[in-house]
Asks: 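One structure, pasted below without further comment.
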Protein chains: 2
Amino acid sequence: METRELRYFVAVAEELHFGRAAQRLGIAQPPLSRAIGGLERRLGALLLERGSRGVTLTAAGEVLLREARAALDAVEAAERRTRRAALTAAGHPTVILAAKAGASGELLAKLLDAYAAEPGAVAVDVLLCGPGEQAGVLRDGRADVALLHRPFDDLAGFDTEDLHTEGQVAVLPAGHPLATRPHLRLAEVTDIPDLPLPRWPRPDGTFPNGPGPKVRDHTQLTQLIALGRACAIVPEAIRTSLHEGLTAVPVPDSPRVTTVIAWPPHSRSTAVAGLVRAATAL
Amino acid sequence: METRELRYFVAVAEELHFGRAAQRLGIAQPPLSRAIGGLERRLGALLLERGSRGVTLTAAGEVLLREARAALDAVEAAERRTRRAALTAAGHPTVILAAKAGASGELLAKLLDAYAAEPGAVAVDVLLCGPGEQAGVLRDGRADVALLHRPFDDLAGFDTEDLHTEGQVAVLPAGHPLATRPHLRLAEVTDIPDLPLPRWPRPDGTFPNGPGPKVRDHTQLTQLIALGRACAIVPEAIRTSLHEGLTAVPVPDSPRVTTVIAWPPHSRSTAVAGLVRAATAL
DNA sequence: GGGCGGCGATACCGCCCGGGTATCACTCCT
DNA sequence: AGGAGTGATACCCGGGCGGTATCGCCGCCC
């Protein structure tokens, strides 16, 4: 199988429409139909169910979509990492660290300081991501190492080291009746009728159904909370960067959050190793 | 990057010789040279150092070799798993379990029994591998789930559950002076001058340098020990299948071995989930 | 119910690119 | 100096990929 075929299939599987997929790929529809047809013939499997109203995925198609995404990420990672290795060899060593925007700010600063103090430390580019983007960024080679948060982020397929575990707090508008309580139970927070929990995007960019407002980053979130339109449960490290007008109340029975440092399992980079060493020694 | 290019590069990187690589790929040498040249041009990186006596890998080439192997495994896995998903949908559900030939025999039997007793259990094909082959078999989709042994096997990139931990024993010819000892220290076993430890193949099929005989599986190993040409340190579970003429002596200070069940991180197969459940419940 | 619009498949064509053969350029080694 | 070995280059050919035109099929709707 060629990556071209995989890219074509992923496009069709995501659009569920040959015409739109062809447009997205920048080719005409007929060669796309033929490519998918050939793929199905060689695999001996029907991947798409053609109805008169667009197409749907078969079970085999679902499997191929998942696997093809992983394979294409691996191919892209190969390309990116090779390019970066060439730059490193040419005397511009750099390591790209992915971190969630608005989270672990203090830990991140300490880590960068600690690593910079090591002998042989190289320049660290920090790549700030929206929630949930980091695993993908690490998988497809845009980053070399990442700070992730269990149990929120998907750690599957990475090597990791735990760095820090903390409880979570509810963030409420300062004037809210519950804001003066010394602590809250999880069920109390999820049930506030006028302050729904926000909805975060899934990895594919769509949002789950529900009452809460859609948010993509912590800025939107804090703004919505300050406006009295939502509340949220976040790791307590957020407290150090809490705006005015917001109050954090501990939620002892919420799941504890662990910050981990993660890297692709076959990384041989000394810079990544150095960052991991610095992180675990914090 | 197309998989064709990756396959070409891996062939050259492994053979370190354009002519032989071309032969292995079933093409002529000139198109191979051109393909690699084009790859280097597009990546903007020199991958191979051309000397008059064959070629050597640059640092970027080393990176691409590692990444390309991973990417090609992912592509192959996509192909295999899709084929198997189509068969499953067509009413032939099967799950392929990889196990090291000659190890964990008893555990494997118990696992198969326990899983078969579950409601909805499907047929399990057992794929017996040589030592070190299993991770690759799982990575490229030839197997769905595997029994591996920490710290021997490379668990990087898989989800795992620990099943069982055991000590190791030294296997000696029955008549050997040390065979009557109640236990041995690790240093004593590695230093027996007339019974060297054997050499196992690396993942790429080559052997490390050293005095011991080359072995590829446990049959060869037991035979060599029975002939008085080697000794070995193996998990104590081997005792249940020890031939006559061989003696096992505990080595308390050798590293303990954990049998784990491993599966690709994004597996959605209910059969794999069932096997893992049965295994952890043992 | 027949025309129409939307969608995917098919037919056919042209061109680029991947592969083949022949040959060159360079470097060791004798 | 000559020859063997190795990778690069020159040149040609054919298959495959992509393009346009069109068909077949199914809903829909006036």
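Naming: A, B, ... by sequence-line order, numbering from 1 per chain.
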Asks: Nearest-Å distance, OH (B/Y8) to P (D/dG7)?
Replies: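 Value for this atom pair: 16 Å.
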
Asks: Does A/I27 or B/G19 map to a spot on DNA chain D nearer the 5' end, using the closest nucleotide for each?
Replies: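 Mapping each residue to its closest nucleotide by heavy atoms, the 5'-most match is B/G19.
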
Asks: What is the distance, rounded to the nearest whole Å, between atom CD of B/E49 and atom C1' of D/dT6?
Replies: 15 Å

Asks: Among D/dG18, C/dA9, C/dG19, find the nucleotide with the atom closest to the side chain of B/P31.
Replies: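 The closest nucleotide is C/dG19.
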
Asks: Taking only the side-chain heavy atoms of A/F18 (C-beta and beyond), determine which of C/dG18, C/dG8, D/dG18 contains the nearest atom.
Replies: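 From the listed options, C/dG8 comes nearest.
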
Asks: For the pair A/R84 and A/D125, find out whether any cationic side-chain nitrogen is under 4.0 Å from an anionic carboxylate oxygen.
Replies: no

Asks: Can you tell me how far P of D/dT6 sits from CZ of B/R20, to the nearest Å?
Replies: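 Going from B/R20 (CZ) to D/dT6 (P), I get 7 Å.
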
Asks: Would you mind reading off the distance between A/R7 atom CZ and D/dG18 atom P, rounded to a whole angstrom?
Replies: 11 Å

Asks: Given D/dG7, is OP1 or OP2 found less than 4.0 Å from the side-chain N or O atoms of B/S33?
Replies: no

Asks: Side chain of B/P30 only, please: which of C/dG20, C/dG8, C/dT21 is the nearest?
Replies: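 Minimum distance to the B/P30 side chain belongs to C/dT21.
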
Asks: What is the separation between atom CZ on B/R42 and atom P on C/dC17, rounded to the nearest whole Å?
Replies: 11 Å

Asks: Which whole-number value in Å describes the distance from A/E2 CD to C/dG18 P?
Replies: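 It is 10 Å, rounded to the nearest whole Å.
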
Asks: For A/L32 and D/dG16, give me the distance from atom CG to atom P, rounded to whole Å.
Replies: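 Those two atoms, CG and P, are 19 Å apart.
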
Asks: Determine the contact category for A/R4: base if any of its heavy atoms lies under 4.0 Å from a base atom, sugar-phosphate if only primed atoms, P, OP1 or OP2 are that close, otherwise nothing.
Replies: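 Sugar-phosphate contact only.
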
Asks: Report the distance from atom CG of B/L48 to atom P of D/dA8, rounded to the nearest whole Å.
Replies: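 Rounded to the whole Å, the gap is 9 Å.
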
Asks: Looking at A/H17, does any N or O in its side chain come under 4.0 Å of the phosphate oxygens OP1/OP2 on C/dG6?
Replies: no

Asks: Where the side chain of B/Q29 is defined as all heavy atoms beyond and including C-beta, which of C/dG18, D/dG18, D/dA8 is the nearest nucleotide?
Replies: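 Out of C/dG18, D/dG18, D/dA8, the nucleotide with an atom closest to B/Q29's side chain is D/dA8.
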
Asks: Can we say B/R69 and B/E14 salt-bridge, meaning some charged N sits less than 4.0 Å from an Asp/Glu carboxylate O?
Replies: yes

Asks: With distance as the sole criterion, do the side chain of B/R34 and the base of C/dG20 form a donor-acceptor contact below 3.5 Å?
Replies: yes

Asks: If the test is side-chain contact (heavy atoms from CB on, under 4.5 Å), which one of B/V272, B/L138, B/L127 qualifies with B/D144?
Replies: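 The side-chain contact (heavy atoms from CB on, under 4.5 Å) with B/D144 is passed solely by B/V272 among B/V272, B/L138, B/L127.
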
Asks: Should B/R50 be listed as having a side-chain N or O under 4.0 Å from OP1 or OP2 of D/dA8?
Replies: yes

Asks: Are A/R66 and A/E62 within salt-bridge range, i.e. N to O under 4.0 Å?
Replies: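 So A/R66 does not pair with A/E62 through a salt bridge.
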
Asks: For A/Q23, does the CD atom have more than 12 heavy-atom neighbours from other residues, nucleotides or ligands under 6.0 Å away?
Replies: no

